Amino acid sequence: MSTLFVSTWQDAGEPCVRAAWENYCQTKSLLSACEAGLVRVELDPAFQAIGFGGLPNAEGEVELDAGLMVGSSLDVGAVCAVRGIVPVISLARAVMEKTPHVMLAGDQARRFAEQNGFEVRSLLSENSLRKYEAWRRDRSAAEVAHLVHDTVTIVGRDEGGRLVSACSTSGLAWKRPGRVGDSPIAGAGFYADDEAGAAGATGVGEDIWRFMLSHYAVERMRTGDPAQKACEKAIERMVRRKPSTAGQTSVVFGISRAGDWGAAASGPGFTAWVCEDGKVGRHPVPALSV
Ligand code: GLY
């Protein structure tokens, strides 16, 4: 049985799955591999979606969300609205492993981070600061601000059939301070259960959360749907129930317990990256016609 990673978006997905695979070869830990994939992208300011260099909120502060789930134990860790800490996916893992809780939020998550050896630092890069200042100068850019976001999510399955889903984001650009989207919410931005499958999401956090896209896709897999059909059913249900979501590019993708993968999107522009036993491929995902 192969080891498979699937991750999100044209630019970030490839380094994410490559870092995950490299880590997996060394550690044979699917959880560490998925974490390493996201850490790779979080620490690189070239990617404005997550971590250092992520686009800030309306007050110029980068506020990060992250979460992960282990499909064998159903253990979950998450953090939301965290300022000044990277990598937040590692902080989410620390919440899972060092506390009895699922999520820590805001300043208290940062305090927990400091207690666990993370350093507080500025998360604005030259590029994200320049973009923020441009937005401040011309608020008409707010017309499109709701589109200026994405997230990096990775779903993995190892040779033993174990599943992990993990997700990290700086959320919606220029968001209201304190706004939290789907990404740190188990069932919305990520979900994994070895008895069914694993799924992750990216796109409009409010819609993904409203429809619990990752959980819904995994539950479809539990009934025997292949991952592709499960993801399509999740997007179809969202668009049918709330037609304004069509064209907005929310995405759910996943891997079934049988090892097949799939992805579906409600709008254009999404690319998945897949790594199967080290062989990496790029897969554009057209908008589903509902
Ligand atoms: N999907 C990321 C967010 O909306 O925050």
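Remember, it's 1-based here, ligands and their atoms both numbered in the order they're listed. Just so it is clear, the model here is predicted, and its values are computed rather than measured.
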### Aromatic Phe211 / basic Arg241 pairing, under 6.0 angstrom, 45° off normal
no

## Note on the structure
For Thr151, the atoms of ligand 1 under 4.0 Å from one of its heavy atoms are 1 (N), 2 (C)

### Query
Which of the numbered atoms in ligand 1 are below 4.0 angstrom from a heavy atom of Asp182?
1 (N), 2 (C), 3 (C), 4 (O)

### Residue pair Asp11 / Trp9, side-chain heavy-atom distance below 4.5 Å
no

### N/O separation below 3.5 Å, Gly203 to ligand 1
yes

### Query
Are Lys279 and Glu276 close enough for a salt bridge, meaning some N to O gap below 4.0 Å?
no

### Message
Just to check, does Arg179 reach to within less than 4.0 Å of ligand 1 when the distance is taken from its heavy atoms?
### Response
yes

### Task
Could you check if a side-chain atom of Glu195 sits within less than 4.5 angstrom of a side-chain atom of Arg257, using non-hydrogen atoms only?
no

### Task
Please could you name the atoms of ligand 1 that Ser183 approaches to less than 4.0 Å, counting only its heavy atoms?
1 (N), 2 (C)

### Message
Classify the ring geometry of His215 against Tyr191: parallel below 30°, tilted from 30° to 60°, perpendicular beyond 60°.
### Response
perpendicular

### Message
Counting only nitrogen or oxygen atoms and a 3.5 angstrom limit, does Val204 reach ligand 1?
### Response
no

### Query
Is the closest basic N to carboxylate O distance between Glu114 and Arg111 below 4.0 Å?
no

### Numbered atoms and elements of ligand 1 in range of Gly171, under 4.0 angstrom, heavy atoms
5 (O)

